[in-house]
Structures are given as C-alpha cells and as structure tokens.
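Report on the following structure.
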Amino acid sequence: MNATTAVATTVIGGVLAVAFLAIGSAKIAAVPQMRERAAHLGFGVSAYRRIGAVEVAGAIGLFVGFVFPVIGIAAALGFVLLLGGAALTHVRAGDNTKELAPALAVGVIAVASLVLFVIEATS
C-alpha cells in the first residue's frame with residue numbers, strides 16, 4: 001500500500017464523510033433550509049429525510065472503508081450515483097449554474113474518493 005495514496009484516501013474520504021454527516025443530519029432533522037430545498041426540488045420532507053439517512057449511512061461507510069476498502073468503494077460509488085441524481089434533479093428543477101455547482105463539485109470529490117478507495121483495495 002502506498003502511504004501517499006492512503007493519506008489521500010483518508011483526507012478526501014474524510015472530507016466527504018464529514019460533509020455528508022452534516023448534510024444528511026440536517027435533512028433528517030428537517031432544518032428549515034433543508035425543508036425549503038426539499039420543496040424547491042419537489043420532494044416531501046419525509047423523502048428528504050430518507051435521502052439524509054442514506055447520506056449518513058454512506059458517510060459511515062466511508063469511515064468503515066478506511067479499514068475495509070471494499071466498503072469504502074461501495075460508499076463512494078453510492079455517493080457518485082447520489083450526486084449524479086442530485087445534479088439531474090437540479091437541472092429538472094430549472095436551477096442555474098450557481099445552484100447546480102455544489103452537487104457537481106462534491107460529485108468530483110466523490111469520484112476522487114472512489115478512485116482512491118479502488119487503488120487502496122487493489123494495492
């Protein structure tokens with residue numbers, strides 16, 4: 001295992017995990033900003049809470065992936081798919097580039113995390 005890859009996997013995966021622990025928890029708690037986002041995107045609060053639960057589970061999967069890279073691969077792939085869906089949902093809602101950019105930027109981080117977990121698992 002390459003030490004540089006291990007550090008990169010931990011840093012990028014950790015940033016992604018912490019971000020989704022926060023975002024997912026806010027969705028589960030149905031904080032006002034998340035209620036507004038849900039309504040804007042055409043989701044009910046209960047559906048947005050379920051998405052939040054998936055996000056929290058994925059974040060936990062990334063943390064577990066530091067010990068078992070195959071779990072990290074599954075979690076990172078899940079985030080790539082989730083963020084692809086988020087981008088499509090924003091496009092469908094008629095959002096502009098400013099509103100779409102966070103999903104795309106975090107999607108790039110998720111792809112990087114996926115690649116790094118695959119490298120970890122195969123080295």
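Not measured: the values here are computed from a predicted model.
Looking only at side-chain heavy atoms (C-beta outward), Ile28 and Tyr48 stay at 4.5 Å or farther from each other. Between Ser113 and Leu62 there is a side-chain heavy-atom pair separated by less than 4.5 Å. Between Lys27 and Arg49, the closest side-chain pair of non-hydrogen atoms is not below 4.5 Å.
The two atoms that bring Ala59 and Leu21 nearest to each other are CB-CG, 3.7 Å, heavy atoms only. Between Ala86 and Ala103, the closest heavy-atom pair is CB-CB, 4.2 Å. The shortest heavy-atom contact between Glu55 and Gly24 is OE1-CA, 3.3 Å. Smallest separation of non-hydrogen atoms from Arg35 and Ala30: NE-O, 3.0 Å. Ala38 and Gly44 make their closest contact through CB-O, 4.3 Å (heavy atoms, listed as atom of the first residue, atom of the second, distance). Heavy-atom minimum distance, Ile73 versus Leu114: O-CD1, 3.6 Å.
When the side chains of ILVMFWY residues are joined at heavy-atom separations under 4.5 Å, either directly or via intervening members, Phe63 and Val54 end up in two distinct hydrophobic clusters. A continuous path of hydrophobic side-chain contacts links Leu81 to Ile109 [ILVMFWY only; heavy atoms under 4.5 Å]. With hydrophobic clusters built from ILVMFWY side chains whose heavy atoms lie under 4.5 angstrom apart, Val70 shares a cluster with Leu77. Two different hydrophobic clusters hold Val11 and Val67 under the rule that ILVMFWY side chains link at heavy-atom gaps under 4.5 Å. No single ILVMFWY cluster, assembled from side-chain heavy atoms under 4.5 Å apart, contains both Val108 and Val118.
In this structure, the separation between CG on Asn2 and CD1 on Ile119 is 8.5 Å, given to the nearest 0.5 Å. Rounding to the nearest 0.5 Å gives a distance of 7.0 Å between CD1 of Ile51 and CG of Leu82. Between the CZ atom of Arg37 and the CD atom of Gln33 there is a distance of 8.0 Å, given to the nearest 0.5 Å. To the nearest 0.5 Å, the span separating NE2 on His90 from NZ on Lys98 amounts to 13.0 Å. Here the CG-CG distance, from Leu88 to Leu100, works out to 9.0 Å after rounding to the nearest 0.5 Å.
Formation of a donor-acceptor pair under 3.5 Å by the Arg50 side chain with backbone atoms of Val45 is not found in this model. Between the Glu120 side chain and the Ala6 main chain, a donor and an acceptor come within less than 3.5 Å of each other.
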* Stepwise side-chain contact (heavy atoms from CB on, under 4.5 Å) check, Leu104 with Thr97 -> CA-CA 10 Å; Leu104 295 176; Thr97 305; over 6 Å; no

* Would you sort out whether Val56 and Phe20 count as a side-chain contact (heavy atoms from CB on, under 4.5 Å), showing the intermediate values? => CA-CA 6 Å; Val56 169; Phe20 274 104; over 6 Å; no

* Could you give me the CA-CA distance, side-chain angles and deciding distance for Phe117 and Phe66, then say whether side-chain contact (heavy atoms from CB on, under 4.5 Å) is met? => CA-CA 8 Å; Phe117 274 113; Phe66 298 147; 3.7 Å; yes

* Give the C-alpha distance, both sets of side-chain angles, the deciding distance and a yes or no for side-chain contact (heavy atoms from CB on, under 4.5 Å) between Val106 and Phe79. => CA-CA 9 Å; Val106 178; Phe79 280 124; over 6 Å; no

